[in-house]
> 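What follows is a structure written as structure tokens; I'll ask about it next.
Letters go in sequence order (proteins before strands), and every chain restarts at 1.
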Amino acid sequence: MADVATVAIGVVQAAGIVALAPFLTGVMRKVKARTQKRVGASVLQPYYDLAKLLKKDEVVSDQSSWVFRAAPWVMMVATVTAALFVPALLPLSPFGAVGDVLVVLGLFGLARFFTMLAGLDVASAFGGLGTSREMMMSALAEPAMFMTIFVVSLTLGGTNLSSLVGAAAQSAGFVAVPSMLFALIAFFIVILAETGKVPFDNPATHLELTMIHEAMVLEYSGKSLALVQWSQSIKQLILLALLVNLFFPAGMPPSLDAGWQVAAGAGAFVAKVALVAALVAFVETRVAKWRLFRVPDLLVMAIASSMIGVIFYYL
Amino acid sequence: MTGLEILPADILTISSAGLLIATFGVVVRRGFADWLSAYRYQTIVLAGVTAVIAYYTGVWEIYVAAALTLVIKAVVIPRVLVRVTRKIKDEFKIEANPYVGLRLSVLISALLVALSYALTQQMLSSSSLDVVAMTCLPVSVSLFFIGLFVIVSRRMALNQVVGLLIIENGLFLFTTALTHGVSLVIEIGIFADILVGVVISAILLFRISQTFDTLDIGSLEKLRDD
Amino acid sequence: MIIGDGHSVLFYLVILAFIAGALVPLAFRNSRKASVASFAPGAAGSVLTIALAASIAVSGTALEMPLPFAAAATEIEFQFYIDGMSAFFMLIIGLVTLAVSIYSIGYSSEYHEKRSIRALGFLFNLFVLSMILVVASDNVFSFLVFWEAMSLASFFLVIYEHESEGSIRAGMTYIVMTHLGTAFILGSFLAMYFQTGSLSFDSFRSPGSPMPAYIRDIVFVLALVGFGTKAGLVPMHVWLPQAHPSAPSNVSALMSAVMIKTAIYGLARVTLDFAAPSSPDSAWWGMLMVVAGSASALIGVLYAAIEKDIKRALAFSSIENIGIVILGLGLSVVFLSFGLQALAAVALLASMYHSLNHAAFKSLLFMGAGSVLFGTHTKNMEQLGGLAKKMPWTALLFLIGAIAISGLPPLNGFASEWLTMQALLSSYQVPNVALQVSISFASIAFALTAGIALATFVRMFGATFLSRPRSKEAEHAKEVPKTMIAGMSVAAGLCIVFGILPFAATGMIASSFGLDESVASFNVLTVPYSVSGIESISSMSMPAVAVMMGAAGAAIAGFVLASGSRKTARKIYSTWDCGFGELNERMEYTASSLSQPIRTVFRALYKPRMTISKDRYSDSNPYMKKSMRVESETKDVFEDRLYAPAVKTAVGFFDRVRRIQTGKVNAYLLYVMIALALLLLLARVMP
Amino acid sequence: MTEMLTALADAAALPTVSSALLLSMLLAPVAGAVAVTVSRKKRAAEVATAASASLMLVLAVALIGAVISEKRISAFGELFYLDSFGAVVLLPIAGVGFISSLYSISYMGRQYEHDLIDDRRIIRYYQGFNIFLLTMLFVPVSNNMGTMWVAIEATTLVSVLLIMLYTKESAIEAAWKYLIIATVGLSFALFGTVFFYYANVTAGADPESAMNWTGMVANSKLLDPNIIKVAFVFVLVGLGTKAGLAPMHTWLPDAHSEAPTPVSALLSGVLLNCSIYGILRFHIITSGTLGAEFSSQLLMLLGVVSVGIAAASIYFQKDMKRMLAYSSVEHMGIVAVAVGFGGFFGIYGALLHIINHAIAKPLMFFASGSISHKYETKAMSEIRGIIKSMPVTGALFLIGGLAIVGMPPFNIFVSEFLILSSGFGSGQFLPSALVMAFLVVIFAGFMRHLVRMVFGSPKEPGKRLPAGMAKEDEGRLAVVPMVILAGLVVVLGFYVPQPLQELAGDVAQIFGQGSVAVSPVEGGASG
């Protein structure tokens with residue numbers, strides 16, 4: 001279906017996402033530290049962490065089964081595969097016809113499925129706690145995400161990410177349709193939820209009161225932990241890339257004919273993503289972690305918001 | 001059907017009245033023996049009426065029917081009833097506490113008579129009826145109704161049997177008056193049925209009195225759904 | 001095109017095989033022999049069924065099979081006609097039965113010397129046979145005969161363990177509900193009969209004069225209620241979570257995976273074949289199905305999410321999946337009403353594909369649950385745990401089923417849910433704002449369902465197979481016999497094949513339902529879009545996704561291995577216990593605690609009640625407790641709010657009616673007279 | 001089967017032969033009764049009854065064969081007359097009579113062993129049994145409506161005697177209620193019959209033969225509609241009382257449940273048909289006079305009420321035999337409704353239903369007789385796990401019960417299907433829907449009793465069960481009749497034999513005489 005060049009472009013773009021992901025995590029941490037009046041670690045710190053973890057021995061719980069050992073691999077495979085379908089640096093994904101935005105969501109679901117199982121497998125109360133909370137969160141985040149996509153698909157046409165982003169690129173800088181505005185609000189909330197940010201989750205602490213994601217992967221170490229963290233970063237980048245490319249197509253090259261335009265577009269993308277990441281980090285410092293059973297309210301708000309988007313679209 | 005034109009309506013009217021009086025006799029009394037004699041009287045009058053009808057219609061079968069009526073209903077059946085109930089205690093034979101009081105019963109019976117006249121007028125006015133029918137039909141329907149009323153309103157099993165017999169008489173009169181006799185085979189069949197029915201009910205009455213130590217059907221209410 | 005003899009022979013062979021499976025075991029007193037004698041012919045018969053159905057479905061032909069004699073009169077006879085639609089459902093039956101028959105050989109050893117295997121084999125085979133004949137039937141009479149025979153056989157299987165009051169009660173609920181449903185179905189068919197004057201399906205398909213709208217509406221509503229009852233559509237679903245778990249697990253698998261599909265068959269037959277919608281006036285049918293379907297999906301999964309009994313949870317999940325199927329069917333009807341043929345094809349494809357997939361993974365999961373029951377003798381998730389180590393094969397196969405049913409790539413559940421989502425998204429083409437908005441609300445329900453389904457199966461797999469065993473039974477569990485593994489593997493294989501190679505399913509569905517094959521071109525699922533000037537094509541290729549996942553896995557493995565400069569070791573050590581000391585199974589999250597947040601969020605539906613009783617050391621000090629006991633329960637709002645009051649009212653009415661039997665002979669005579677008087681009055685009034 | 005029947009029919013082709021057949025069929029039970037009376041021995045009485053009943057069955061089948069080929073048979077002038085409608089009613093009388101005579105041997109034998117009845121009563125039982133059969137045989141072969149009435153009244157009297165066989169309080173109570181109510185009801189019927197006769201005479205018929213059904217039907221167009229209206233209502237209520245149509249059914253559950261079980265089977269399976277048969281004969285005449293509408297509507301009304309009241313009573317029933325009795329009320333209601341619906345399917349369905357009910361209900365009664373012997377109770381709450389304590393009887397009871405509630409693949413489903421088809425097909429939506437709803441309630445009520453009795457554990461604590469109850473069925477003589485009936489239940493669920501289909505087609509023609517709507521479109525079965 002595709003010649004070698006397009007395949008190569010797709011693979012390179014995905015590799016770019018995979019490679020860039022820890023950097024984005026670093027940026028967010030840095031911004032967060034700065035807004036909290038700390039110096040913070042280098043933006044490259046996540047790379048150092050990964051490199052270190054990959055070389056370390058692992059400790060595995062004697063209670064765990066093969067599910068626990070397989071889970072990080074599944075997470076990583078799922079997120080990396082998802083990266084193949086997402087237009088990031090370029091306004092297209094050569095594999096758009098193979099996997100659309102729903103496939104990306106499905107792959108995230110697969111990753112989450114195994115994360116949750118891994119949390120249960122080690123027979124620790126922490127794991128169960130994290131899983132149980134994640135069950136609730138994901139159950140609500142899923143419809144919010146889907147409804148957002150519903151609006152986006154209606155407005156920009158279809159679920160093929162390549163053509164969605166392509167359609168967005170035709171607009172001037174910012175998709176200024178009322179329906180998209182509501183979708184944007186919803187999408188932003190969903191991103192906070194999906195990437196485990198305050199007010200949903202606080203990955204920085206290891207307190208049972210606040211943990212969700214961290215509780216599930218608490219038992220991981222060594223290579224496995226590296227894979228878990230990396231896949232988490234990739235997921236974060238993919239979501240932000242979608243946000244940026246679908247809602248703020250500014251600077252995106254209208255066509256791929258001119259090399260400089262493409263390069264500029266890629267640059268713009270990195271800048272935009274970094275900016276949004278900074279925004280997310282900033283939000284994280286401005287709000288407090290919400291009580292667990294208030295979190296659904298926020299997600300329901302996201303659903304409602306995208307629903308309003310749908311209605312706006314139809315009216 | 002010859003001769004009907006010259007039939008003096010009086011004879012029929014008077015005998016019909018006699019029938020009704022006998023029937024009322026059943027309604028107002030309490031004791032079984034009184035009932036039985038009222039019934040016997042009623043049946044004799046009925047046989048007379050039948051004979052009159054036979055005379056005027058000239059159908060010989062009706063004579064036979066009249067004779068049968070006299071023999072079976074006025075003689076045999078009362079005998080049978082007396083005989084089988086001889087062993088039943090006397091206190092069982094008295095309608096002490098009917099569902100409908102006696103005075104009210106008379107009133108209702110009167111109403112039923114009126115109703116039968118009204119109904120027969122209504123029902124049969126359109127068709128051509130001879131004098132016999134015109135006179136006897138309302139009476140027969142009254143007998144029918146009063147018999148039903150007796151069965152429904154009384155609690156002595158014996159009296160229900162008598163009620164049945166009154167209905168039977170009403171039916172007989174009805175049949176004879178309306179049709180001037182159906183075929184004899186059927187008549188005999190009907191008589192046989194009645195006779196056997198009375199015998200069977202007498203046996204049953206005896207069993208009831210033996211088993212339940214009463215003839216009050218108020219005590220026969222064990223078989224029900226609740 | 002109607003095909004001939006070879007297929008008829010095959011059809012007779014199918015019938016013979018199952019009859020042999022029913023009767024031959026009756027000759028064996030030995031349980032082991034009896035089980036082989038009944039399930040081996042069952043497996044053979046299902047292979048024949050698959051062959052027959054697949055050849056008809058793929059070739060797009062039809063097989064007509066009148067029996068040589070009339071049962072009672074013309075049209076009161078057994079008459080069979082297998083077209084693509086029948087063949088497709090027959091294929092589902094065949095595939096699942098093959099897996100389940102193999103599985104049953106091992107599974108029935110659970111009952112050896114305790115219960116009659118002969119009865120099990122007899123009923124099992126008759127059950128399957130009646131399902132096959134239901135979908136093959138071509139007139140009202142034979143449809144109903146086999147439909148009720150199917151209900152009856154399954155009813156006896158539900159009360160197979162008949163000493164327990166619970167299973168008798170479940171069976172009663174089931175048979176009464178299903179009989180009520182049959183009454184509606186009969187009403188629906190006979191309404192068509194009223195119109196056409198013939199009981200053959202052929203006349204319904206092409207009536208002499210077109211059916212008037214009101215008849216069609218009646219037909220549809222009755223069919224929806226009737227088949228919906230059998231399918232477990234909310235709110236007629238209450239029997240399903242009682243009955244399916246009560247049956248032996250192999251039968252549960254058949255009931256959940258296949259039997260409720262016969263109801264889908266009936267519904268599809270009526271809505272697409274007999275009374276196919278052709279004008280926007282019928283759009284409300286589809287909308288009703290969309291609403292009922294999405295409500296079922298959501299409510300089913302919400303109850304599945306909190307259920308402790310693993311088989312009951314699976315039964316609730318069947319309600320969910322049937323909801324998704326009916327949602328798809330409803331969308332297809334909506335689209336058809338507006339003449340959107342291509343979209344209708346997509347929705348129908350989604351619906352039927354999901355039927356097929358659900359058959360594969362639900363049978364797998366029920367068989368898995370049966371294996372768990374076989375190994376531990378409990379189906380209460382609270383008492384399970386840690387089975388992944390004791391029963392690794394069962395765990396692996398169950399996990400495949402769980403992934404598939406959660407709608408995750410690369411397995412089959414994802415593919416059909418993808419199509420369903422596409423159908424939902426395509427509702428923008430419906431030229432009616434009210435419908436558009438309603439469908440988008442249904443989309444929320446659908447997405448919520450998908451989210452909760454994921455949670456449900458994480459919990460189910462996790463609580464059953466992972467962490468520590470929570471009871472002695474779970475601790476001493478052993479792997480199940482090979483035949484059971486083999487049976488489950490067949491179903492798991494189907495999950496994988498239909499996932500990775502969708503064309504295996506979609507191509508066949510397209511040919512058997514006469515759909516345009518472009519919606520299901522070779523392994524790429526496509527749906528065209530055309531929104532306000534933007535033309536695009538949404539597409540997805542499961543094989544490619546699978547290949548990419550494999551490639552990504554290889555790349556990652558290569559990278560990780562290459563990046564580690566030295567060989568790393570893996571140390572086995574106990575789980576981190578916060579320095580507390582030995583962790584034990586009482587400290588872990590149980591199935592109930594896992595679902596507690598969901599229970600809290602959706603408390604409006606569950607009406608949870610919690611009783612906490614404390615035993616204190618002394619009354620003066622409330623803080624020192626000897627022990628605490630927490631009991632929580634949830635209610636089924638449908639049973640409490642809908643069925644209980646309705647049954648109570650009806651029963652109260654009948655109770656008053658029957659009391660006319662007072663025992664008083666005088667009263668009885670009075671009735672006779674009143675009846676006479678009333679009838680005379682009536683006679684006067686009547687012309 | 002068909003060939004055999006045709007052969008028989010050929011033999012009976014000569015009018016004299018068929019009237020001889022008819023007469024000898026009537027004489028068979030007479031001979032039985034005489035033999036019983038003469039012998040005064042239990043064993044001899046059993047053999048004589050079984051022999052006479054089997055003779056009766058053979059002759060009846062031959063006679064029916066003759067009817068199939070000749071359409072109608074009359075004997076002794078016009079006194080006896082048997083057409084295909086009568087044949088359909090005759091078949092269950094002979095069949096169930098025979099099967100019951102077999103079952104009696106086992107059942108009454110056991111009663112005798114348990115000292116529930118003595119020698120004298122056994123003899124009286126067999127006398128009564130034979131005479132009961134005789135009186136019932138008279139009903140379908142009478143041409144004269146008066147004779148028919150006499151026969152029906154006679155059945156009441158004989159059956160009262162049979163119920164009175166026991167000296168139990170309940171039996172006497174039931175017999176009394178039965179006698180009084182049935183007699184009152186039948187007096188209504190006679191009233192109505194005389195009306196019909198009168199109408200026929202006034203329409204110019206010869207008084208000698210004006211009571212004959214054949215004449216009435218031939219004359220039906222000329223009868224006075226006003227009289228016929230009233231007359232039909234009287235007949236309907238009167239014979240309806242005997243046929244167990246609600247609300248005149250009140251005696252039925254008492255009488256049917258208190259009778260000796262073989263007699264219960266005859267009462268429910270056969271006697272009710274005779275009364276329904278009478279009503280339908282008048283229905284045909286009435287339809288001729290007034291058009292089908294009038295009497296059909298009334299039949300439908302009573303039928304629906306019967307099914308409804310039976311539904312309510314079955315749901316709450318505690319006593320096994322009473323439940324079966326109410327189920328008879330239901331089925332008679334269904335037959336009435338079916339005829340009310342009319343059409344080929346309606347009439348055919350009604351006839352088939354009469355036959356099917358006559359097969360399934362005796363099966364149920366027989367099984368319940370064996371069961372209550374075993375468990376020594378009729379209270380359903382105390383009976384559990386029949387399938388374990390008496391495997392064969394349990395299975396047969398289950399088959400019968402499923403058939404009774406109209407489950408396929410058993411026979412009653414076929415007739416109920418026909419009936420509902422005719423109801424919906426003729427556009428009678430309300431009554432059809434009501435019947436269907438009530439049938440679901442009956443299903444629920446019946447099944448909840450049936451399933452609990454058949455399944456479960458017989459050793460449940462607190463449940464009465466004779467200690468050391470062996471896992472065995474009653475003797476062969478009890479089981480064989482049930483197996484025969486169950487076999488028929490299953491076979492007729494799949495296939496209605498050709499002769500029966502032919503009979504049904506002929507009967508539809510007979511109903512057609514009275515201009516009961518018989519749609520030609522559907523009438524394809526008679527060939």
> Counting only non-hydrogen atoms closer than 4.5 Å, does A/Leu164 touch chain C with its backbone (N, CA, C, O), its side chain (CB onward), both, or neither?
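Looking at A/Leu164, nothing touches chain C.
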> If you look at every heavy atom in A/Val67 and C/Leu466, which pair is closest and at what distance?
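Smallest heavy-atom distance, with atoms named: CG2-CD2, 3.9 Å.
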> Pick one of side chain, backbone, both or neither for A/Phe293, based on which atoms fall under 4.5 Å of a heavy atom in chain C.
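The side chain, not the backbone.
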> So, C/Phe461 versus C/Phe457, ring centres under 6.0 angstrom or not?
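No, too far apart.
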> Can you check whether A/Ser65's main-chain N or O pairs, donor with acceptor, with A/Asp121's side chain at less than 3.5 Å?
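Present.
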> Between A/Ser64 and C/Lys389, which heavy-atom pair has the shortest distance, and what is it?
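The pair with the smallest heavy-atom distance is O-CD, 4.1 Å.
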> Side chain of C/Ser539, backbone of C/Val524: donor and acceptor closer than 3.5 Å?
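Not confirmed, C/Ser539 side chain does not pair with C/Val524 backbone.
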> Can you tell me if A/Glu219 uses its side chain to pair, donor with acceptor, with the backbone of A/Val60 under 3.5 Å?
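The answer is no, because no donor-acceptor pair under 3.5 Å joins these two groups.
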> Select one option (side chain, backbone, both, neither) describing which atoms of A/Met307 are under 4.5 Å from chain C's heavy atoms.
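Only the side chain of A/Met307 comes within 4.5 Å of chain C.
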> Heavy-atom distances under 4.5 Å only: say whether C/Val545 touches chain A with side chain, backbone, both or neither.
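Both backbone and side chain.
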> Given the options C/Leu399, C/Thr449, C/Thr590, which has more heavy-atom pairs under 4.5 Å with chain A than any of the others?
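Greatest number of close heavy-atom pairs with chain A: C/Leu399.
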> What part of A/Ala167 gets closer than 4.5 Å to chain C, counting heavy atoms only: side chain, backbone, both or neither?
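For A/Ala167, side-chain heavy atoms alone lie under 4.5 Å from chain C.
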> With a 4.5 Å cut-off on heavy-atom pairs, point out which of C/Ala455, C/Ser595, C/Ala395 contacts chain A the most.
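Result: the option with the highest number of such pairs is C/Ala455.
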> Using heavy-atom distances under 4.5 Å, tell me whether C/Met587 contacts chain A through its side chain, its backbone, both, or neither.
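Backbone of C/Met587 only, per the 4.5 Å heavy-atom cut-off to chain A.
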> Name the region of A/Ser163, side chain, backbone, both or neither, that has any atom closer than 4.5 Å to a heavy atom of chain C.
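Looking at A/Ser163, just its side chain touches chain C.
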> Do you know which of C/Ala551, C/Gly553, C/Ser440, C/Ala305 has the most heavy-atom pairs under 4.5 Å to chain A?
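Highest number of heavy-atom pairs under 4.5 Å: C/Ser440.
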> With no hydrogens and no angle check, is any side-chain donor or acceptor of A/Asp57 less than 3.5 Å from a backbone partner on C/Ala569?
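Yes.
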> Given that the side chain runs from C-beta out, which part of A/Leu129 has a heavy atom under 4.5 Å from chain C: side chain, backbone, both or neither?
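Its backbone and side chain both get close to chain C.
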> Check each atom of A/Val122 against the heavy atoms of chain C and say whether the ones under 4.5 Å are side chain, backbone, both or neither.
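Its backbone and side chain both get close to chain C.
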> Counting only heavy atoms closer than 4.5 Å, note whether C/Phe465 contacts chain A via side chain, backbone, both or neither.
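C/Phe465 has no heavy atom closer than 4.5 Å to chain A.
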> Both conditions, 6.0 Å and 45 degrees, for the charged tip of A/Arg294 above the ring of A/Trp290: are they met here?
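Verdict for A/Trp290: a cation-pi partner in A/Arg294.
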> Looking at C/Asn584, C/Leu454, C/Ile452, C/Ile537, which makes the most heavy-atom pairs under 4.5 Å with chain A?
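Top count of heavy-atom pairs under 4.5 Å with chain A: C/Leu454.
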> Would you mind checking which part of C/Tyr573 comes under 4.5 Å of any heavy atom in chain A, side chain (CB onward), backbone (N, CA, C, O), both or neither?
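Both parts, heavy atoms under 4.5 Å.
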> So that I know where these two stand, are A/Tyr220 and A/Phe68 an aromatic pair - ring centroids less than 6.0 Å apart?
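Ring centres of A/Phe68 and A/Tyr220 closer than 6.0 Å.
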> Any donor and acceptor pair, going by atom type alone, linking the side chain of A/Tyr47 with main-chain N or O of A/Ala19 inside 3.5 Å?
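Side chain of A/Tyr47 to backbone of A/Ala19, a donor-acceptor pair under 3.5 Å: yes, one is there.
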> Heavy-atom pairs under 4.5 Å with chain A are the metric here; pick the option from C/Arg459, C/Gln422, C/Glu588 that has the most.
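Most pairs with chain A among the choices: C/Gln422.
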> Answer with side chain, backbone, both or neither: which region of C/Ser406 has an atom nearer than 4.5 Å to a non-hydrogen atom of chain A?
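Contact with chain A involves the side chain of C/Ser406 alone.
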